[in-house]
Amino acid sequence: MLKFSILLLVFFSISSLSAQQITKTNTNKEKNKNTKIQDSILPDKSSADNELQEIVVSASRQAESLNEVPSSVTIVSKKQLQQQLSISSNLSDILGASVPGLGFSTNRTQNLGQTLRGRRVLVMIDGIPQSTPLRDGAKDMRSLDPTVLDRVEVIKGATAIYGNGADGGLINYITKRANQDKAISGSTEAGTAFSLIKPKGTAGFFVSQLLSGKINKIDYVVSGRYEETGLYRDAKGRVLSPEYGMNDLRNWNAFAKIGYDINQNNRLELMYNYFESTQHTDYIAKAGVYGNFDSPTIGIRGQRPGEPEGTPYNHNASLSYIGKNFIGNTDVNATLYFQDYLTLINYSDFFENNGQPATQSKKLGFRLNFSTPYEFSPLLSGDLIYGLDILSDITDTHLTDGRSVIPEMKMNNLAPYFQLKNMFGPNLVLKTGLRLENVNIDVPDYTTIGIRNYVNGTYVGGGIAVNGGALDFNALMFNAGLRYTKWNLFKPFVSFSQSFSVADLGLVLRAAKENTVSNTSIKAVTANNYEFGFSGSFDKLSYEGAVYYSTSKLGASYVYVDGNPQISRSPEKIYGFEVSAKYRLHPKIDIGANYSFTEGKREVADKKVYLGGDRINPPKIVAYTVFRPLEAWSIFLQMINTSGRDRFESINGAYTYGTGPIKSFTAFNLSSSYTFREKSTVRFGIENLFNKDYYSVISQWQSNNMNYVKENGTRLTISFVQAF
């Protein structure tokens, strides 16, 4: 409480700074410059160095140039999103192919194991949390349709900026902005996608409509999209397993953002997004034989029990007030937000007497953010960013027949924070910050349900009456970073940041053996991230790289013990590096590549053992070329490769969860777009261009007969877009 009181005192003292104490001259110039930069980030026809001037808002809660961010950031632009969207509409695929350090796509509706630098990532939509850290359902990446995105901002490494769940960093989906130049504009798109290998039954389709514009003081963006995916087949034409599959999905997305400019300095903005993705298929899974390359898990005709799997709904809404010079020279951004999310997985015998699990999460939150600029001299200026996060999160897992698996956990989170950005002259930036997490979780009384032991086939752990109670967690997190930007050729940075999370409390409660919550071994995870990185450009070449080291005294690894899933709470160390480069080979040809390597170990009984594949992805190489034979015609070719990972020995000829060896593979994707009559565009994409026959990364490390699923064979997507 003493730490909390001190931080609140600092917080309210800063808020009362008078205009006479603060000067805003240089900062206003910087904001004007950033506004021009922000308007120009969509098309990438500028020099390589201009890419370093892109604006990012997720790193410190205010718009700033990447040049001033002392940490690793990847921005997936609208253009890059469209290149990938022509290949796959699955955001797990898009991000896996675009973000160095992020794990390989799962080719499923879940993103289990798709970690960021070996740790869990916090996913947000315009700052609204989508992740469910109280019970990680691993479906947060597919929380909206990618067509509503303006860009994606990925902040890597443990971050103290946004709090609970950002152990490995955060992914912030930034939604579209209104077209300010017309009263009404927009686009209509229709397309189809199907397998080129045994195409029967694989054809899907999608239609979308976008409207945008500004009328007097009101601007708006409204869009809707509907998609049916059809069946997915592997390189031999076999139907992929429907469990967590992309087969026969019906996807809906409705999005609206309305802004009202009260005056030049004050604005209100309302956003709403609805996303639904459910599976309606006539196929069931037939288990393969793990380790036998020619015996994958496939889909065969059959009646699937239970309700349609997937996400029946995900509602997100926010109301924001943005005020410039709100108090003296201080700007304010206040956002009230809401999320209501439900996801269902397949009906199975995992729980005693069978059942279909559903996880529901409801969040209500408020973010208050102030930004106060200062200038003491031309050699010392900067910004003070401070505020308060309030979040209520109610999460539970139940079976569709009404039985409770994990009781309704009610979390209240209060977190004051501040970040200080110091500019020492024009080239040296120092950032420091604190965030105080105050988390209270109430758990009601409940009775556990038996879970199947896959070693002996019995059900264990059921019928235990667990007395509820309150859990309190407090943590003061610190971050600091230094970046030097004088030389275009080499702009280095160093940083340290901490993260805090209550790691998958629901999984601990599901298998509780103690009779009271207070007796369970529930502790928060604090991760420390150390990083050295650089970016730079020379002539037509731009490049960046980073080396990182992450530790946590108490980790949270998912392991099986005697056939039962448990959370292993042991010290962890993760390290790795990333490098990437882009080069304009010719006015019409760009090439680029990136490489990611991550490794990690945990300590068990004075012995260090490797972290499993659910945490550590194998090395990833992504290379691409963009060819523009005509101004209106663009061709994008991409290669994705891994050298594999083999860190574990089999036990009696078998591998346990997370320990399966991952074999090397190389796959290619292609997309192209051609615009004619200025506003009419034809797009097409080919996934797995050369019909490579291989298993997904998750299928290999899971080492399970039922999850031994291959990747897609060659699949074509083609669409027509009419803008107006």
Side-chain angles (χ1 to χ4, degrees), residues 40-48 50-51 74-91 93-100 105 146-147 149 151-152 187 189-197 199 206 208 235 540-543 580-595 620-641 665-692 711-723:
S40 69
I41 66 174
L42 297 182
D44 183 16
K45 297 182 180 180
S46 57
S47 67
N50 283 343
E51 294 178 2
T74 294
I75 296 179
V76 185
S77 68
K78 182 186 293 185
K79 184 176 181 179
Q80 292 172 300
L81 285 169
Q82 187 55 62
Q83 288 170 339
Q84 297 292 339
L85 186 57
S86 297
I87 299 168
S88 170
S89 62
N90 184 0
L91 267 167
D93 295 345
I94 292 172
L95 296 179
S98 305
V99 180
S105 168
T147 57
L149 297 179
R151 68 189 186 279
V152 181
S187 63
E189 182 175 15
T192 183
F194 53 90
S195 173
L196 294 180
I197 311 299
F206 53 90
S208 65
K540 300 175 182 179
L541 174 70
S542 65
Y543 45 86
S580 62
K582 304 176 184 178
Y583 183 70
R584 177 144 292 177
L585 188 65
H586 181 274
K588 295 181 180 293
I589 303 175
D590 292 336
I591 59 174
N594 62 71
Y595 178 80
K620 181 174 70 173
I621 299 176
V622 177
Y624 67 88
T625 182
V626 180
F627 177 43
R628 295 174 293 275
L630 301 173
E631 184 176 350
W633 185 16
S634 175
I635 302 171
F636 173 76
L637 177 64
Q638 178 185 61
M639 179 200 77
I640 301 176
N641 164 274
F665 62 79
T666 302
F668 290 83
N669 300 317
L670 175 72
S671 72
S672 181
S673 66
Y674 178 72
T675 301
F676 57 97
R677 297 180 182 176
E678 294 186 358
K679 295 185 178 181
S680 301
T681 303
V682 175
R683 295 172 176 154
F684 80 87
I686 302 177
E687 181 182 7
N688 197 355
L689 180 63
F690 301 115
N691 200 38
K692 174 72 173 179
E711 280 282 3
N712 297 336
T714 303
R715 187 173 174 86
L716 172 67
T717 301
I718 186 167
S719 67
F720 174 76
V721 185
Q722 181 62 54

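Model, not experiment: these values are computed from the prediction. Along the sequence shown, residues carry numbers from 1.
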S.K.: Which atom names give the shortest non-hydrogen contact between Ile75 and Gln80, and what distance separates them?
M.R.: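 Scanning both residues completely, I find the closest heavy atoms to be O-OE1, 3.2 Å.
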
S.K.: Is the closest side-chain donor-acceptor distance between Glu189 and Ser719 under 3.5 Å?
M.R.: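 Side chains of Glu189 and Ser719: pair found under 3.5 Å.
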
S.K.: Just verifying a value: how many Å separate Ile94 CD1 and Ser89 OG, rounded to the nearest 0.5 Å?
M.R.: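 Reported to 0.5 Å precision, the distance equals 7.0 Å.
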
S.K.: At their closest point, which heavy atom of Ala97 faces which heavy atom of Gln638, and how far apart are they?
M.R.: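 It is O-NE2, 3.3 Å.
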
S.K.: Could you measure the distance from the OG1 atom of Thr681 to the CD atom of Gln722? Nearest 0.5 Å is fine.
M.R.: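 The CD atom of Gln722 is 8.0 Å from OG1 of Thr681, to the nearest 0.5 Å.
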
S.K.: Which heavy atom of Ser98 sits nearest a heavy atom of Thr74, and at what distance?
M.R.: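 Ser98 and Thr74 have their closest heavy atoms at O-CG2, 4.1 Å.
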
S.K.: First locate atom CG of Leu585, then atom NZ of Lys540, and finally report the distance between them rounded to the nearest 0.5 Å.
M.R.: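 Between Leu585 CG and Lys540 NZ, I get 8.5 Å after rounding to 0.5 Å.
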
S.K.: Does a side-chain heavy-atom distance below 4.5 Å link Leu637 with Phe627?
M.R.: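 Counting from C-beta outward, Leu637 and Phe627 never come under 4.5 Å.
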
S.K.: Hey, could you give me the OG1/CD distance between Thr714 and Glu687, rounded to the nearest 0.5 Å?
M.R.: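 If we round to the nearest 0.5 Å, Thr714:OG1 and Glu687:CD are 9.0 Å apart.
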
S.K.: Quick check: do Val626 and Ser634 have side-chain heavy atoms less than 4.5 Å from each other?
M.R.: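 Contact flag for Val626/Ser634 side chains = yes.
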
S.K.: Are any non-hydrogen side-chain atoms of Pro146 and Leu91 less than 4.5 angstrom apart?
M.R.: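 In contact.
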
S.K.: What is the minimum heavy-atom distance between Ser672 and Ile635, and which atoms define it?
M.R.: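 That closest heavy-atom pairing would be OG-CG1, 3.7 Å.
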
S.K.: Using modelled atom types only, decide if a donor and an acceptor are shared between the side chain of Asn641 and the backbone of Lys620 within a distance under 3.5 Å.
M.R.: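 Pair absent, no side-chain N/O of Asn641 close to backbone of Lys620.
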
S.K.: Taking all atoms of both residues into account, what is the closest heavy-atom pair of Val76 and Leu95, and its distance?
M.R.: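 Of all heavy-atom pairs spanning Val76 and Leu95, the closest is CG2-CD2, 4.5 Å.
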
S.K.: Whether Arg628 and Asp590 form a salt bridge (side-chain N of Lys/Arg under 4.0 Å from carboxylate O of Asp/Glu) is what I want to check.
M.R.: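 A salt bridge is present here (some side-chain N lies under 4.0 Å from a carboxylate O).
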
S.K.: Shortest non-hydrogen contact from Thr717 to Ala193?
M.R.: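 Shortest heavy-atom separation between Thr717 and Ala193 comes out as OG1-CB, 3.5 Å.
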
S.K.: State, yes or no, whether a side-chain contact exists between Asp93 and Gln84 at a heavy-atom distance under 4.5 Å.
M.R.: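 Not touching, per the 4.5 Å side-chain cut-off.
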
S.K.: Check step by step if side chain to side chain contact (heavy atoms under 4.5 Å, CB included) holds for Asn688 and Arg715.
M.R.: CA-CA 7 Å; Asn688 197 355; Arg715 187 173 174 86; over 6 Å; no

S.K.: Between Ser580 and Asn594, do the side chains contain an N or O donor and an N or O acceptor separated by less than 3.5 Å?
M.R.: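 Asn594 and Ser580 do not have a side-chain donor-acceptor pair below 3.5 Å.
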
S.K.: Measure the acute angle between the ring planes of Phe668 and Phe690, then classify it against the limits of 30° and 60° as parallel, tilted or perpendicular.
M.R.: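 Taking Phe690 first and then Phe668, their aromatic rings stand perpendicular (interplane angle over 60°).
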
S.K.: What I'd like to find out is whether the side chain of Gln83 reaches to under 4.5 Å of the side chain of Lys79, using heavy atoms alone.
M.R.: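 A side-chain contact under 4.5 Å exists here.
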
S.K.: Measure the spacing between CG of Asn90 and CG of Leu85 and express it to the nearest 0.5 Å.
M.R.: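 With rounding to 0.5 Å, CG (Asn90) is 10.5 Å from CG (Leu85).
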
S.K.: Among Ile87, Leu689, Ile686, which residue meets the side chain to side chain contact (heavy atoms under 4.5 Å, CB included) test with Asn669?
M.R.: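 Single side chain to side chain contact (heavy atoms under 4.5 Å, CB included) partner of Asn669 among Ile87, Leu689, Ile686: Ile87.
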
S.K.: For Phe636 and Tyr624, take the angle between the two ring planes, folded into 0 to 90°, and tell me which bin it lands in: parallel under 30, tilted 30 to 60, perpendicular over 60.
M.R.: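 The arrangement is tilted - the two ring planes meet at 30° to 60°.
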
S.K.: Taking atom NZ of Lys588 and atom CD of Glu631, what is their separation to the nearest 0.5 Å?
M.R.: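 One gets 8.0 Å once the value is rounded to the nearest 0.5 Å.
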
